[in-house]
Number of protein chains: 2
Amino acid sequence: MPTDDLDRLNAQAAKLLTAHAHRFTTARQHIVAALHEADSPLTILQLLDAGEGLVQSTTYRNLVVLEDAGVVTRVITPDDHARYELDEHLTHHHHHLICNDCGDVKDFELSDNLENKLDGELQEAGRTAGFRIERHSLDLFGTCKSCS
Amino acid sequence: MPTDDLDRLNAQAAKLLTAHAHRFTTARQHIVAALHEADSPLTILQLLDAGEGLVQSTTYRNLVVLEDAGVVTRVITPDDHARYELDEHLTHHHHHLICNDCGDVKDFELSDNLENKLDGELQEAGRTAGFRIERHSLDLFGTCKSCS
DNA sequence: GAGGAAAATCAGAATGATTCTCGATATCGT
DNA sequence: ACGATATCGAGAATCATTCTGATTTTCCTC
């Protein structure tokens with residue numbers, strides 16, 4: 001996680017927020033920085049701990065703004081704590097490994113070849129069902145090393 | 001959704017519950033019947049409406065029991081209403097199309113060929129990350145016909 | 001670089017899906 | 001039929017998330 005990356009992220013985030021008539025305040029910068037340092041999606045609590053001077057109510061609101069602007073993405077997991085990560089447009093397409101026991105989330109990627117095949121069939125499935133597809137999510141559930 | 005199916009489901013559900021030291025009460029039968037009739041995952045509210053004489057607090061508790069026994073599965077969606085469907089062991093492996101607007105969920109399947117290739121890579125990804133994989137979920141997000 | 005308008009912040013209150021409590025009821029094995 | 005245990009129902013409690021209202025910061029214009 002080199003600093004260059006954070007600079008690039010900040011520039012992209014600022015651009016996205018501006019395009020949506022929002023400001024890239026220091027609180028929002030701290031959120032982006034914390035998500036960047038973490039190598040996996042964070043719960044609100046983890047984010048509040050990791051980020052500098054983050055206040056709960058403001059952070060909830062800022063995450064809504066950041067998600068709306070396309071800077072962050074809410075990751076859906078079975079436990080009832082929302083998790084957030086930087087949007088794939090700012091990082092790269094990936095999937096999640098979710099531990100059934102501790103709830104922890106790790107990233108992984110498919111081979112380009114399989115990912116392409118998958119995309120083709122998914123578009124087809126969407127067409128058949130009358131859906132306009134925006135994205136897909138592929139998650140693995142199991143038990144992580146430390147929980148087994 | 002022929003009646004034969006429901007008979008088979010009831011037999012399987014009874015077996016699973018018994019194996020877990022639970023009873024297949026009429027309330028639980030009504031839940032299974034309602035989920036069987038619906039062709040997609042139901043929210044608690046939809047389930048209470050669809051099922052015969054279902055009480056909220058009892059239904060929540062019964063869904064936990066049924067999930068523990070492997071009769072039903074909780075479907076994870078972005079909106080904050082839990083959804084449930086019959087477990088894949090009692091039906092068949094499938095995936096979900098989720099509407100970003102109305103939250104509705106539809107089922108679809110991949111070709112066996114692709115599903116097998118996918119399984120292979122996913123096992124591999126789990127091994128690499130030190131996860132023991134139990135299942136995967138593949139969901140499509142987009143806009144359904146009635147919302148576009 | 002001062003003034004004003006709009007956006008953002010903070011602390012605490014409100015919301016709402018889900019879970020828990022507890023007394024009453026139904027079910028199983030003997 | 002009897003006792004032990006599972007289940008039920010109604011309402012209270014929990015807790016992540018959202019909202020509120022007053023205050024502060026930021027940006028734009030002159």
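Just so it is clear, the model here is predicted, and its values are computed rather than measured. Excluded from the calculations below are hydrogen atoms, water molecules and symmetry mates; all remaining heavy atoms, backbone and side chain alike, are included. In the text below, chain A, chain B and the rest are named by the order of the sequence lines, each starting its count at 1.
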Q | Gap between atoms CG and P, on A/D80 and D/dC15 respectively (whole Å) | A | 10 Å

Q. Between C/dG16 atom P and B/L45 atom CG, what is the distance in whole Å?
A. 14 Å

Q: Write out all pairs satisfying side chain to side chain donor-acceptor pair (under 3.5 Å) with one or both partners inside residues 50-62 of chain B, taking only residues at least two apart or from two chains.
A: B/R28-B/N62

Q.
How many whole angstroms separate atom CG of B/D79 from atom P of D/dT18?
A. 12 Å

Q: Would you check if B/E109 and B/H92 make a side-chain contact, meaning some heavy-atom pair closer than 4.5 Å?
A: yes

Q: Check the angle between the aromatic planes of A/H136 and A/H95 and answer parallel, tilted or perpendicular using the 30° and 60° thresholds.
A: parallel

Q. So do B/L17 and B/V65 actually touch side chain to side chain, heavy atoms under 4.5 Å?
A. yes

Q | Interatomic distance, A/L66 CG vs C/dA8 P [rounded to whole Å] | A | 10 Å

Q.
So if I take residues 13-27 of chain A and measure heavy-atom distances to DNA chain C, which residues fall below 4.0 Å?
A. A/H22, A/R23, A/T25, A/A27

Q.
Using 0.5 Å steps for rounding, measure from the CZ atom of A/F24 to the CD atom of A/Q12.
A. 10.5 Å

Q. Counting only heavy atoms not in B/D112, do more than 12 fall under 6.0 Å of its CG?
A. no

Q) Taking NE2 from B/H81 and P from D/dT17, how many angstroms apart are they, rounded to a whole number? A) 15 Å

(Q) I need the CG-C1' distance between B/D68 and D/dA6, as an integer number of Å. (A) 15 Å

Q: Check each residue of residues 47-64 of chain A for a non-hydrogen atom within less than 4.0 Å of any atom in DNA chain D, then write out the ones that pass by number, or none.
A: A/Q56, A/S57, A/Y60

Q) Going from CD on A/E67 to OG1 on A/T73, what distance comes out if it is rounded to the nearest 0.5 angstrom? A) 6.5 Å

Q) Between atom CD in B/E67 and atom C1' in C/dT19, what is the gap in whole Å? A) 15 Å

Q | Value rounded to 0.5 Å, distance of CG in A/L114 from CG in A/D119 | A | 10.0 Å

Q.
Is any side-chain heavy atom of A/E85 closer than 4.5 Å to one of A/V72?
A. no

Q. Can you tell me how far C1' of D/dA16 sits from CG of A/L42, to the nearest Å?
A. 17 Å

